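Okay, structure first, notes after.
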Amino acid sequence: MIRELLEARAGEEYELYARGINPQFMRVLRTIGFDRTWARAEGQYLYDADGNRFLDLLGGFGMFNVGRNNPRVRDALIETLELKTPGSVQLGVSLLPGLLAEELLRRTPPRLARVLFTNSGTEANEAALKLGRCATGRTRVLSVEGAFHGLTLGSLSANGDAHFTARFGPLLPGFDRVAFGDADALEEQLRREDVALFLVEPVLGHGVHLPPTGYFEQAQELCRRYGTLFVVDEVQTGLGRTGKLFAFEHWNLEPDLLTVAKSLSGGYIPVGALLMSQRVYDCVFDSLEHSVSHGSTFAPNDLAMAAGIATLGELDAHGLVERAGDLGAYLRERTQPLVDEFESVREVRGLGLMWALEFGEPEHGRLAWRVMERMQTGLFAQLVVVPLFTKHRILSQVAGYEMPILKALPPLVITKQDIDDFVDALEDVIRKAARPTRVAGLALRAARAR
Ligand code: PMP
């Protein structure tokens, strides 16, 4: 039935999306030439209707760690459907959620003792905020400048980027931000002993900013000292992305609360999870009356759980976590020379297969750079993202709103050859990006699209 439907209506996706869902987004895709008709996807590749292969360095915003349409995860889903498992009884439980919780807890420090499943990353963070407030009896929440934790109101209140929060206020009371990497600023806030939780990403997804040496160890110690819960948001960095199953392992941390989502179900089924300490659990779920203090109709659902178990198995079976570390090092090693090669390339950074290249104003060609940046900050990065896609068939992204930063979050199944192809393409587009004709062309298209 779905096959016939897809065949009968093939080619209508953009028109239908514009009509019934989001015409503004369609205008953006058309303007930048990303309005392809996609035929299928596998591993690290997308294929369009003309049979062209695209290398996917965006990875669905980092949810395809085990590769798109991973066969092991797909088989687990088909099997679960065929078994007609008795999930979501609601007043009753099935086996799969307990099994996935067991697998997650087996892979995390003993401090984490319980799992609460959700349907997305933002929901996992919302749960952390609610449970953290309840467990500590405090209301204040600290996060960092430049943070991203999701777009529902609680998570949004912890976001450190005005682009996401403006127009949607008032946000929740009690939320404050400190500079990422500044332990003194953190202590100044924590010292008041009224902060319920400090919520932080191991590597800031927006901009791909890494912590200074010693920061997280100190932050965790400060949280413990002042009775604040240390909450690590691994929605983007988790499940192998940075070369460890969870990025906090790089610094031997033991968070009180941990949030995961994205790749947990191999990218197939919405899923999220909050892992919490025994203490937090005991404080919140402290009686029969409070046994379901937080939850959601769809979480946990058996399909997401089956996909989660299969995804963890797939990461292990193919050594994808180590692979992310090795290939990430290779990607940085291959792209680092671009800093010397091009004046417009300021820095290459990353952890595992979370990678970014930051542009900066060049000595020569300053005028072109300034014209562009006056039109819109970060436009130079678009001048790279667009031809990477249209000319070299590589899907990438700008690392955040108005940021002159190119970012990659490829599936961890990417190969050395893919990285070599990307580096060649990158050199080509950066060389051409600052040419005045390119600048004028993009400006014209952007102006027309307004
Ligand atoms: N936290 C982080 C660090 C994220 O990167 C994201 C998604 N980009 C979220 C939370 C929100 O996850 P979701 O989109 O599943 O709500």
Side-chain angles (χ1 to χ4, degrees), residues 25 56-65 116-130 132 141-161 163-165 168 171 175 177 180 197-211 216 230-242 244 246-248 250 253 255 257-275 296 298-301 304 307-308 311 350-356 396-401 403 405 407-411:
F25 182 51
D56 179 12
L57 297 184
L58 178 50
F61 292 136
M63 71 172 177
F64 292 116
N65 287 11
L116 183 144
F117 286 108
T118 68
N119 304 296
S120 67
T122 198
E123 273 185 54
N125 285 330
E126 294 283 345
L129 297 172
K130 273 182 67 180
V141 174
L142 274 188
S143 55
V144 302
E145 307 287 353
F148 187 89
H149 297 294
L151 296 178
T152 54
L153 269 175
S155 305
L156 190 66
S157 302
N159 269 6
D161 184 339
H163 171 67
F164 293 103
T165 53
F168 301 106
L171 300 176
F175 284 65
R177 271 162 297 282
F180 181 59
L197 45 107
F198 173 52
L199 172 62
V200 69
E201 300 152 83
V203 178
L204 298 194
H206 280 225
V208 185
H209 296 288
L210 286 103
F216 277 129
F230 181 54
V231 191
V232 179
D233 176 346
E234 295 252 14
V235 169
Q236 188 165 137
T237 49
L239 301 160
R241 168 64 50 199
T242 69
K244 299 274 186 191
F246 294 105
F248 68 72
H250 288 286
L253 303 171
L257 295 167
L258 166 69
T259 55
V260 286
K262 290 199 194 274
S263 273
L264 181 55
S265 69
Y268 279 99
I269 310 278
V271 71
L274 168 69
L275 279 69
S296 159
F298 266 106
N301 79 85
T311 297
L351 195 61
L353 281 172
M354 188 169 181
W355 172 95
S396 61
Q397 69 171 127
V398 179
Y401 189 70
M403 282 184 184
I405 302 171
K407 175 176 173 185
L409 286 176

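Hydrogens, waters and symmetry mates play no part in the numbers below; they use all other heavy atoms, side chains included. Worth saying up front: this structure is predicted, and the values here are computed from it rather than measured. In listed order, ligands and their atoms are each counted from 1.
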Need the list: ligand 1 N/O atoms against protein N/O atoms, distance under 3.5 Å, rounded to one decimal.
unit_1	atom_1	unit_2	atom_2	d
ligand 1	1 (N)	D233	OD1	3.3
ligand 1	1 (N)	D233	OD2	2.7
ligand 1	5 (O)	Q236	NE2	2.8
ligand 1	8 (N)	K262	NZ	2.8
ligand 1	15 (O)	G121	N	2.8
ligand 1	16 (O)	T122	N	2.9

N/O donor-acceptor pair under 3.5 Å between D233 side chain and V200 backbone: no
Counterpart residues, ring-ring contact (aromatic ring centres under 6.0 Å, His included), relative to F117 (two or more places apart): none
Aromatic plane relationship, F230 with F198 - under 30° parallel, 30 to 60° tilted, over 60° perpendicular: parallel
Whether H206 and F164 hold their rings parallel, tilted or perpendicular, with breakpoints at 30° and 60°: perpendicular
Partner set under side chain to side chain donor-acceptor pair (under 3.5 Å) for K407, not counting sequence neighbours: Q236
Residue list, side chain to side chain donor-acceptor pair (under 3.5 Å) with T242, at least two apart or on another chain: H250
